[in-house]
Amino acid sequence: VSIQVDNNNNPMIACNPGDTVAQLGVIYGDADNNFTYQKVESGPINTGKNASLALSSSGRGFIAYIEDEEYSPNLRIALQSLTTYIPIVQR
């Protein structure tokens, strides 16, 4: 488990919930104390071990974690992509 606090003082947690098929997920809160769980990766391989979360100054998430493939663990990363909407200019 790795926890960070965003610029609005809301918590964000990267975790491996330890279900039957391990997965990497994030739990994030908002100002109204509502929490949401979002799956980042899951699969037949035990993944999400030793998750380490970092947030940029803009709030963009970055998670480093281990995909524990038998006899060959892999270091993996998850990077939050941000969508930019450009306003349409009409004349």
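Source: prediction; values computed, not measured. Start at 1 with the first residue, then count along the sequence.
Scanning both residues, G48 and N16, for their nearest heavy atoms gives O-CB, 3.4 Å. P11 and I3 get closest at one heavy-atom pair: CB-CD1, 4.4 Å. The minimum heavy-atom distance linking A14 with A51 is given by the pair CB-CB, 4.1 Å. Contact record, S42 with Q23: CB-CB, 3.3 Å, taken as the closest heavy-atom pair.
Of the possible donor and acceptor atoms, one in the side chain of D30 sits under 3.5 Å from a partner among the backbone N and O of N33. In this structure, Q4 contributes its side chain and L55 its backbone to no donor-acceptor pair below 3.5 Å. Although no hydrogens or angles enter the test, the distance criterion places no donor-acceptor pair under 3.5 Å between the side chain of N34 and the main chain of G29. In this structure a side-chain-to-backbone donor-acceptor pair under 3.5 Å is missing from N8 to N10.
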Let me see the working for L53 and F62 under side-chain contact (heavy atoms from CB on, under 4.5 Å), right down to the final yes or no. CA-CA 6 Å; L53 170 66; F62 177 87; over 6 Å; no
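Two residues are said to be in side-chain contact when any heavy atoms from C-beta on lie closer than 4.5 Å; I27 and C15 meet this criterion. Residues Q38 and Y28 are in side-chain contact: their nearest non-hydrogen atoms beyond the backbone lie under 4.5 Å apart. Residues D68 and T47 are not in side-chain contact: their nearest non-hydrogen atoms beyond the backbone lie 4.5 Å or more apart. Looking at I63 and L79, their side chains never come closer than 4.5 Å, going by heavy atoms from C-beta outward. At a threshold of 4.5 Å between non-hydrogen side-chain atoms, the residues V26 and Y37 do not count as touching.
Atom CD1 of residue I66 and atom CG of residue L75 lie 5.5 Å apart, to the nearest 0.5 angstrom. Interatomic distance, CG of D6 versus CE of M12, reported as 7.0 Å (0.5 Å rounding). Atoms CD and CG, from E67 and N46 in turn, are 9.5 Å apart once rounded to the nearest 0.5 Å.
Salt bridge annotation for E41-R76: present, with a cationic side-chain nitrogen under 4.0 angstrom from a carboxylate oxygen.
Side-chain atoms of E69 and N74 include a donor-acceptor pair closer than 3.5 Å.
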